[in-house]
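Worksheet: the structure to be examined is printed underneath.
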Amino acid sequence: MRLTLQTDYALRVLIYLALHKGRPCRMTDVATAYDISRNHLLKVGLKLGRLGYLDTTRGRAGGIALARRPEDINLGEVVRQMEDDFALTTCMRTDGGACVISPACALKRVVGKALDAFLAVFDGFTLADITRNRSELSALLDLPEISGKSTLRRALQERDQ
C-alpha cells in the first residue's frame with residue numbers, strides 16, 4: 001500500500017498546524033520546516049481548505065490554521081479525501097481494467113480486504129493522537145515552543161538510556 005505525495009504532504013501540513021494550536025502559519029514556513037516544495041504545499045493547502053480542514057486568512061497577519069480541533073480530524077477521513085485513486089490492481093479501476101482473468105479472479109476481493117484493513121488503521125487515529133509528542137515534533141521542526149534542537153537530542157538520549 002502506498003500513499004501519494006499529496007496525502008503525505010497533507011498529513012504533514014495538518015501536523016504542523018496542530019503544533020501551532022490555532023495560531024496562523026504561512027505555507028512558506030511549513031515548506032521550510034519540512035524542506036519540501038512550497039508550490040506543492042500550496043496545492044495541498046487549497047484542497048485541505050476546500051475539504052474544511054483549514055481556515056485561511058489573507059493579508060499581512062493572515063495565514064493558515066486548522067479549521068477543526070485535532071481531536072476532530074480523523075486520519076482515515078483525510079486519507080480517503082486526499083487520495084484520488086485506490087485502484088491497487090487493474091481490475092479495481094473504475095473502468096474495470098483490461099485483465100483477461102477478471103471474470104474469474106478472486107484477487108480483487110483479497111486486495112479490497114487488504115485496502116480496507118490499511119484504511120481501518122488510519123480510521124483508528126486522529127490528528128491529536130499523532131501530535132501528542134509535541135515537544136519532540138516541535139524541536140525537529142525548529143518551532144519556538146522548544147528552546148532548540150539540542151533539547152530534543154538530550155531528551156532522546158535520556159529516553160534511550
Return a table of donor-acceptor pairs under 3.5 angstrom between the side chains of residues 107-115 and protein atoms on other chains or two or more places apart.
none

Quick one: list whatever passes side-chain contact (heavy atoms from CB on, under 4.5 Å) with A18, sequence neighbours left out.
L66, P70, L127, T131

Nearest heavy-atom contact between M82 and A10 is CE-CB, 3.6 Å

Of all residues at least two apart in sequence or in a different chain, which pass the salt bridge (charged side-chain N to carboxylate O under 4.0 Å, His left out) check with E77?
R68

Side chains of Y16 and D29: closer than 4.5 Å at any heavy-atom pair?
yes

Flag, side chain of S138 to backbone of R134, donor-acceptor distance under 3.5 Å:
yes

Which residues end up grouped with V100 if you chain together Ile, Leu, Val, Met, Phe, Trp and Tyr wherever their side-chain heavy atoms are less than 4.5 Å apart?
I101

Could you pull out the closest heavy-atom pair between N74 and F125, with the gap in Å?
ND2-O, 3.6 Å

Interatomic distance, L140 atom CG to L19 atom CG [nearest 0.5 angstrom]
10.0 Å

Taking only residues two or more places apart in sequence or in another chain, which ones pass salt bridge (charged side-chain N to carboxylate O under 4.0 Å, His left out) with R38?
none

Are any non-hydrogen side-chain atoms of I64 and D55 less than 4.5 angstrom apart?
no

side-chain contact (heavy atoms from CB on, under 4.5 Å) involving T32 - partner list, sequence neighbours excluded
T28

Kindly write out the residues that satisfy side chain to side chain donor-acceptor pair (under 3.5 Å) with D8, not counting sequence neighbours, or none if the list is empty.
R12

Is a donor on one side and an acceptor on the other found under 3.5 Å between the side chain of E83 and the backbone of L3?
no

Test of understanding: with side chain to side chain donor-acceptor pair (under 3.5 Å), list the residues that count as partners of S37, not counting sequence neighbours.
H40

Can you name the residues that form a side chain to side chain donor-acceptor pair (under 3.5 Å) with E71, not counting sequence neighbours?
none

Would you say the side chain of Y34 lies within less than 4.5 Å of the side chain of L141, judging by non-hydrogen atoms?
yes

Going from CG on L48 to CG on L41, what distance comes out if it is rounded to the nearest 0.5 angstrom?
9.5 Å

Please identify each residue that fulfils salt bridge (charged side-chain N to carboxylate O under 4.0 Å, His left out) with D123, with sequence neighbours left out.
R80

Are L46 and V78 co-members of a hydrophobic cluster defined by side-chain heavy atoms under 4.5 Å apart?
no

Provide the full list of salt bridge (Lys or Arg N to Asp or Glu O under 4.0 Å) pairs with a residue in residues 41-53, sequence neighbours left out, each pair given once.
K47-D84

Side-chain touch D72/Y53, heavy atoms, less than 4.5 angstrom:
no

I130/L14 under side-chain contact (heavy atoms from CB on, under 4.5 Å): CA gap, chis, key distance, verdict
CA-CA 10 Å; I130 64 169; L14 294 174; over 6 Å; no

Sequence-distant partners of D129, side chain to side chain donor-acceptor pair (under 3.5 Å), two or more places apart
T126, R132

Heavy-atom closest pair (A67 atom, G52 atom, distance to 0.1 Å) is CB-O, 3.4 Å

